[in-house]
Amino acid sequence: MSLLPFDQKEGYLWLNGEIVVWKDAAIHPLTHGLHYASSVFEGVRIYNGQPFLLTEHIERLHQSAKILGFELSYSTDDMIAATHDLLAKDPIDVGYIRHFAWRGSERLRIYAPDTSTRLGIAAWAFPTTLFNIETKQPLKLTSQISWRKPDPTTAPTVSKAACLYPICFMSKHEAVEQGFDDALMLDYRGLIAESTASNVFLIVDGAVHTPIPDCFLNGITRQTIIKLAKQLEIPVFERHIQPEELTQAQEVFLTGTTCEIESISQIDEQPFESFGPVTMRLIEAYRDFVTAQTAANG
Ligand code: PMP
């Protein structure tokens, strides 16, 4: 498999207040963010040329940094303006934006409260399948992986912090090596948590059940889906869910900015109805919400 030379792409990115040529963007290798993972990030979708739920994502970036003990040097309004400046230079109709912040290179030691906070914004074209769901294949998950979501006293679990992601990519790699698309991750207590980069929902007798995000990211897509389900008068239960309860579910789906809504056809040996009736109602509601939000902001 040849690696995509992503760092050699054409275009621009926003780095510490300046728009720079994508392939010329550079940071020093002796950076606190690289060595000690003092780094947080966001992923935002672009639909209809407009960033979707941009304010919510930037506010979460501020919150993620605060949990790691550093402050971003740009306000939410400044970062919204910077994002729009970048998109004005490099317009994208359907795509993805990555905001990222890290502690700089002034000091390479654990104790470095006075390091500068660095900030970057990159955007690129990235397809959506939300509007042509019929082209999507349902996914198969395995729960048979080596890793679990950690105790919140062991890791900053509610921050979108880079230090949490080795668990995600190692689990994803294990799942794919086993012939599955992704992993269903349990938490430190053995409860259902989420997938490697998306939240999980079970449909049991017409109601939506989803784990409480007390040791993993409370996804912005997750929060949107819960709101939409309530508007549709679908009962929603946020609760601790044991893996054995999967046998009671008829449908399962994942939510996340990147994956949008993924229907699950199998977890380990157990089959589920792909793109079942409740999943489809929520996909349609989400699609309408995306259209309304991005048209209203356009
Ligand atoms: N969990 C993890 C570990 C993630 O990386 C993501 C993607 N950011 C999510 C859940 C879903 O979050 P969101 O809906 O905000 O993209």
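Counting convention: from 1, in listed order, for ligands and their atoms alike.
Looking at His57, Glu194, Glu56 and measuring to atom 10 (C) of ligand 1, the nearest heavy atom belongs to Glu194. For atom 9 (C) of ligand 1, the nearest non-hydrogen atom from the set Ala197, Cys259, Gly219 belongs to Ala197.
Below 4.0 Å from some heavy atom of Tyr165 lie the following atoms of ligand 1, by number and element: 2 (C), 3 (C), 4 (C), 5 (O). Listed by number with element, the atoms of ligand 1 under 4.0 Å from a non-hydrogen atom of Thr196 are 3 (C). Counting the atoms of ligand 1 from 1 in the order shown, those under 4.0 Å from a heavy atom of Ile220 are 13 (P), 14 (O), 15 (O).
At a 4.0 Å heavy-atom cut-off, ligand 1 does not touch Phe216 at all.
In this structure, Lys140 fails the cation-pi test against Phe180, since its NZ or CZ atom is not both closer than 6.0 Å to the six-membered ring centre and inside 45 degrees of the ring normal.
For Arg60, the closest heavy-atom approach to ligand 1 falls below 4.0 Å. Put simply, no part of Gln223 is less than 4.0 Å from ligand 1, judged by heavy atoms. In this structure, Thr258 falls outside the shell of residues with a heavy atom less than 4.0 angstrom from ligand 1. For Ser198, the heavy-atom gap to ligand 1 drops under 4.0 angstrom.
Of the protein's non-hydrogen atoms, the one nearest atom 8 (N) of ligand 1 is Lys160 NZ, 2.7 Å.
Annotation: Tyr74 is in aromatic contact with Trp14 [ring centroid separation under 6.0 Å]. You'll find the ring centres of Trp22 and Phe6 inside the 6.0 Å limit.
Between Lys149 and ligand 1, not a single N/O pair is under 3.5 Å apart. Between Thr257 and ligand 1, at least one N/O pair is under 3.5 Å apart.
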